[in-house]
Amino acid sequence: MTHRIVRSVLALVLLAAGLLAGSLVTAGTAHADGCYTWNRTLSQGAAGADVTQLQIRVAGYPGYGGVLGIDGDFGPATKAAVTRFQQAYGLPADGIAGPATFERIYALQDNDCTPVHFSYAELNTCNTTWAGGAVSAGTAKSNALRTMWKLEAMRHALGDQPLRVTSGFRSTACNNAVGGAAGSRHLYGDAADLGAGPHSLCRLAQQARSHGFNGILGPGYPAHDDHAHVDHRPSRFWSAPSCGI
């Protein structure tokens with residue numbers, strides 16, 4: 001908890017610095033980070049592993065109904081997502097990822113690359129190995145990381161109030177134990193169930209439409225009256241009839 005408080009204070013300091021030094025956004029290199037350090041400014045036309053890492057962190061900003069591809073190519077959709085991220089945090093919004101943008105990301109992540117308000121343990125109460133699902137353990141864990149960054153964007157859009165994750169990755173055994181669907185996205189590690197808290201289930205399902213989730217299920221959909229479900233299935237399927245979705 002102390003670590004996260006320090007990160008939050010650092011975030012405010014960095015944000016103030018970024019606002020005062022707007023002209024420096026596209027120049028130089030931000031300082032090193034314990035998780036991942038970007039060594040160059042990224043803009044449309046760039047490609048590489050550093051673009052992939054950026055895309056993972058801004059994938060929660062694709063715009064309503066959008067899904068940002070994590071492909072290592074900085075195209076128009078990535079520029080738009082970066083711009084929305086910058087707008088969300090009060091940075092100069094030019095769609096170019098430079099030091100101020102990276103510093104903001106650094107302040108949002110812990111050393112294991114998870115966003116500060118979510119953790120691997122939170123996304124996996126089934127086992128400690130991430131094994132036994134529909135994909136390899138490494139893929140399931142990677143999928144969960146991408147889910148967490150989308151949830152971080154959603155949390156920020158909802159006023160930085162907590163989101164309560166009630167279920168994440170499940171092995172086949174864990175999925176069977178809770179009566180999950182045979183093809184549940186929880187088996188892939190790319191799904192999260194959210195319980196009501198500061199926000200109603202309908203508010204959660206409605207907001208999720210702007211944060212890159214192809215799958216959204218909620219109140220009014222069979223067996224989803226007590227939670228809102230989000231996932232990364234290949235094509236869009238949204239259904240929360242009680243919420244107007």
Side-chain angles (χ1 to χ4, degrees), residues 56 59-60 62 64-68 70 112-115 117-155 157-158 161-245:
I56 289 170
Y64 181 91
V67 176
L68 180 65
I70 311 298
D112 64 355
C113 298
T114 59
H117 298 106
F118 299 92
S119 69
Y120 283 119
E122 194 173 7
L123 269 288
N124 180 4
T125 58
C126 171
N127 59 40
T128 60
T129 64
W130 297 85
V135 293
S136 71
T139 297
K141 191 173 183 179
S142 175
N143 287 342
L145 180 65
R146 297 181 184 195
T147 297
M148 284 186 269
W149 278 102
K150 292 185 178 185
L151 291 176
E152 183 71 28
M154 182 171 159
R155 184 186 190 279
L158 288 169
Q161 293 180 304
L163 298 184
R164 185 166 62 91
V165 178
T166 60
S167 184
F169 167 75
R170 300 174 192 159
S171 67
T172 298
C174 288
N175 192 56
N176 291 342
V178 299
S184 171
R185 296 307 303 184
H186 290 280
L187 296 166
Y188 295 82
D190 66 11
D193 291 345
L194 305 174
H199 310 288
S200 69
L201 296 179
C202 280
R203 185 72 185 94
L204 295 173
Q206 291 162 352
Q207 186 63 44
R209 296 174 295 182
S210 294
H211 298 290
F213 293 108
N214 259 339
I216 302 173
L217 305 173
Y221 186 79
H224 285 73
D225 286 336
D226 63 350
H227 66 280
H229 169 98
V230 294
D231 67 48
H232 302 177
R233 66 188 65 198
S235 59
R236 184 189 299 179
F237 183 78
W238 295 351
S239 184
S242 298
C243 309
I245 300 173

Exam field: side chain [X] to backbone [Y], donor-acceptor pair closer than 3.5 Å:
| X | Y | value |
| --- | --- | --- |
| S200 | A196 | no |
| D225 | G220 | yes |
| T172 | G132 | yes |
| R170 | A177 | no |
| W238 | G215 | no |

Query - salt bridge (Lys or Arg N to Asp or Glu O under 4.0 Å) partners of residues 171-185, not counting sequence neighbours, each pair once - result: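 Only R185-D190 qualify under salt bridge (Lys or Arg N to Asp or Glu O under 4.0 Å).
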**Report entry** Results of ring pair (Phe, Tyr, Trp, His ring centres under 6.0 Å) for H211 - residues two or more places apart only
**Finding:**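 For H211 there are no ring pair (Phe, Tyr, Trp, His ring centres under 6.0 Å) partners, ignoring immediate neighbours.
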Query raised in the report: Taking only residues two or more places apart in sequence, or in another chain, which ones meet W149 in a ring pair (Phe, Tyr, Trp, His ring centres under 6.0 Å)?
Result: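 W149: no ring pair (Phe, Tyr, Trp, His ring centres under 6.0 Å) contacts found.
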Requested in this report: Please find out if less than 6.0 Å separates the ring center of H186 from that of F169.
Outcome: no
Query raised in the report: Can you list every disulfide (SG to SG under 2.5 Å) pair that touches residues 169-200, not counting sequence neighbours?
Result: C126-C174
Query - Any pair counted as disulfide (SG to SG under 2.5 Å), so long as it reaches residues 214-245, sequence neighbours left out - result: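 Sorted pair list: C202-C243.
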**Report entry** All side-chain hydrogen bond (donor to acceptor under 3.5 Å, both in side chains) counterparts of R233, not counting sequence neighbours
**Finding:** D231
